[in-house]
Each structure stands twice: as C-alpha cells, then as structure tokens.
Amino acid sequence: MFVRLIILIGVMLLVACDGGNTSVEQGQIQEELKTYQWRLVTTWPKNLPGMGMAPERFAELVNKMTKGRMQIKVYGAGELVPALEVFEAVSLGSIEMGHGAAYYWKGKVPIAQFFTAVPFGLSAQEMNGWLHHGGGMELWQELYAKYDLVPIAGGNTGVQMAGWFNKEINGLEDLKGMKMRIPGLGGEVFERAGGTAVTLPGGEIYTSLQTGVIDATEWVGPYNDLTFGLHEVARYYYYPGWQEPGPTLEFIINKDAYDALPEDLATIIQAAARTMNHDLLAEYTARNNAALRELVDKHGVELRKLPDDVLDKLHVIADEMIAEIPGDDPLSQRIYQSYIKYRTDIAEYHEISERAYINARARPVN
Ligand code: CA
C-alpha cells in the first residue's frame, strides 16, 4: 500500500513536472543554448596598443560574461574591410559589429563628427557626461537608426596632441599650403586656416609622412604616436590637441543583429562596451606621460606649444565652422544645439571645479 502510494506520488510529480515544462520554458532553454558568432571589424591596425586592443578586450569580456554564448571575432583594418568602410559594412549588415570613430564617416553623415570630437569642444570627462547623462546618446541613437546602426561609446583617448611637424609653427601663416593628416572637424578648421587636410587611417600615416605625401600629421598622443615611430619622420611635436580634446570612439552594431539578441546578451554587450569606454581612457591617462618622456629624453623629440594667438585664431574659425555643419537638417540642428548648450554649461562649472583645482595643484608651495 505504502509503496504504491510512493509510486503514485512519483508519477504525479513527473506529470506535474512535464505539465510545467511549457513551450515558453522550452523556448528559454533553447535560447540559452543558442550561441552567436559575430564578426567585428575595426578602423585600427590589428593589435594597435590602446584603441586597437579595446575591441579585442571587449570580445574577451563578452565571451566570459556570456559563458561562450556570444563569440566575437575581431578583425583589424583591411583584414575583412578597409578601415574607412567599416560604417558601410555594418550598416548593410554584411558584418555585425564595428569599432572606430564617428568622424571617419563625415562624408556620409557630417553631424556624426560631434560624437567623436569637436575642436575646442568637450573633454573626455565632459563627453561622457553629455552622452550618458546629458541626452547625447539618445540623439546619437536616433541619428544612426537611419543607417540601421546602434552606436555605443567605445573608448576615449583624452586630450590628444596637436601633431607632428617638420617646421616650427610661429603664426597661422605657417599652416598655409601645408598638407596634413587631420581628420574630422579639426581638418575642416585646418583647411580654413589655409592648409590641406587629408583623412588617412592610422596604418598609412608613417609612410605618407616619410615619403612626403603629407607634410605633417596628428595621430593620438605619446602612447600611440611612439608605437608608430612618428618621431623618426618628424622633428617637432606640438600640443595641445585643440582638434581632438576628448575624442570618443564608437562601437557600432547592425540593428537587425542587435535586435535578434536576447535581452540578457544585449545588456551584456552594453555593459562590456561601457567598461571598455572607461577603461581605455584610464589606460591612456596612465601611459601617456611615460611615453612622452621616452620621446623627448631618448629620441630627442622637440616638444612645442602652439602659440596662443594661433590657438585663438583656430578657436574663432572652429566656432564659426561648427555652426554651419547642421545646415537645415532638423536632427543635426538638435544635436548641435544640445552639444553647444552642454558645452557652455559645463565650461562654466569646470572653471570653478577642474580648472580651479588643477591651477591650485600646480602652484609652487615649497
Ligand atoms: Ca587624432
């Protein structure tokens, strides 16, 4: 009797279990077993320190966080698509994901440049504030939705250097007729100052400068510039990087690929990208000064500050020029207005916070 009761309870439990295993639960189990294999193309030379490694570390992080459900293979510039065709490839969906910088797409989407860097614009810290707590990201998403892309901030180098020159810059007239690799809005300012701006991916800079295709270049800052050996082909290293005060890099994801992800994987992608966005800035902050010392002390690079009047004139040109970028396009106008309002507001606050503190710390006290 007792044994039969036990068997009966056992059967009832089995029935209950089977009955509870609904198609919804089976769907969830299947979803958890499903793996996603994505390709990620970048605008950077393969394994470039800093920005080139950010997508590699991102892919590793996603793999670990998803226990292998999501596997992302990273390709350097030119391995699957050329550096400057990353946007197109991901937009069309032939590749799921990309890593680069929005200003490389200025020929297609001029206002996108505001999501990388604006000359005399936001610093890295300010940019992160605008994007993630100041309405910038929503505008970026709205802009890229037109191209079936989902953007996520993907790193920041901090303030860059003004660049590498083979002659001294004493006035704006020294820029006239000069051919310089300087992408984005900085390049447009440079053109208005009388130079010729060219956009070249990182991998082509050294040879172009060495062979005289360009007269000068900006790239990033000491940490990356040392790796490229730019000190071997240019004598003067100028600062500050007025053209890129806090350039934001980007992850871009094809919208169909992103929408096909279950919610947990999409959340992990967002969280891993945010981690890389902040970690890259930390890496540049920690590495730049040691690299600068090596450039100056070991390689004899001549460090120069751009004269104040040159910076002031570039600033005036920049403010005039960026006001023309949005044109009549309503979304571009909203992006411009949001950026400028935030810049005005944060600049006022940083007078009494960042600048006041840095000035106080710099005062000699001994
Ligand atoms: Ca740069």
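Count residues from 1 along the sequence. As a basis for the values below, the full set of heavy atoms in this structure was taken, side chains included, without hydrogen atoms, waters or symmetry mates. Treat the numbers as computed from the prediction; the structure is a model and nothing was measured. All ligand and atom numbering here is 1-based and tracks the order in the structure.
Salt bridge absent: Lys167 and Asp215 never bring a charged side-chain N and a carboxylate O closer than 4.0 Å.
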Item to check | Intermediate values then yes/no, side chain to side chain donor-acceptor pair (under 3.5 Å), Gln270 and Tyr258 | outcome: CA-CA 11 Å; Gln270 290 282 351; Tyr258 186 78; 3.0 Å; yes
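Atom OE2 is the N/O/S atom of Glu244 found closest to the Ca ion (ligand 1). Looking only at N/O/S atoms, Glu218 comes nearest to the Ca ion (ligand 1) through OE1.
Metal site remark for the Ca ion (ligand 1): Gln243 contributes no N, O or S atom at a distance under 3.0 Å. Taking 3.0 Å as the criterion, Val220 does not count as a coordinating residue of the Ca ion (ligand 1), since none of its N, O or S atoms falls below it.
Between Phe87 and Tyr104, the ring centre distance reaches or exceeds 6.0 Å. Here the two rings, on Phe228 and Tyr223, have centers that are 6.0 Å apart or farther.
Rounded to 10°, the angle formed at the Ca ion (ligand 1) by OE1 of Gln160 and O of Trp219 is 80°.
The closest side-chain donor-acceptor pair between Trp44 and His99 falls under 3.5 angstrom.
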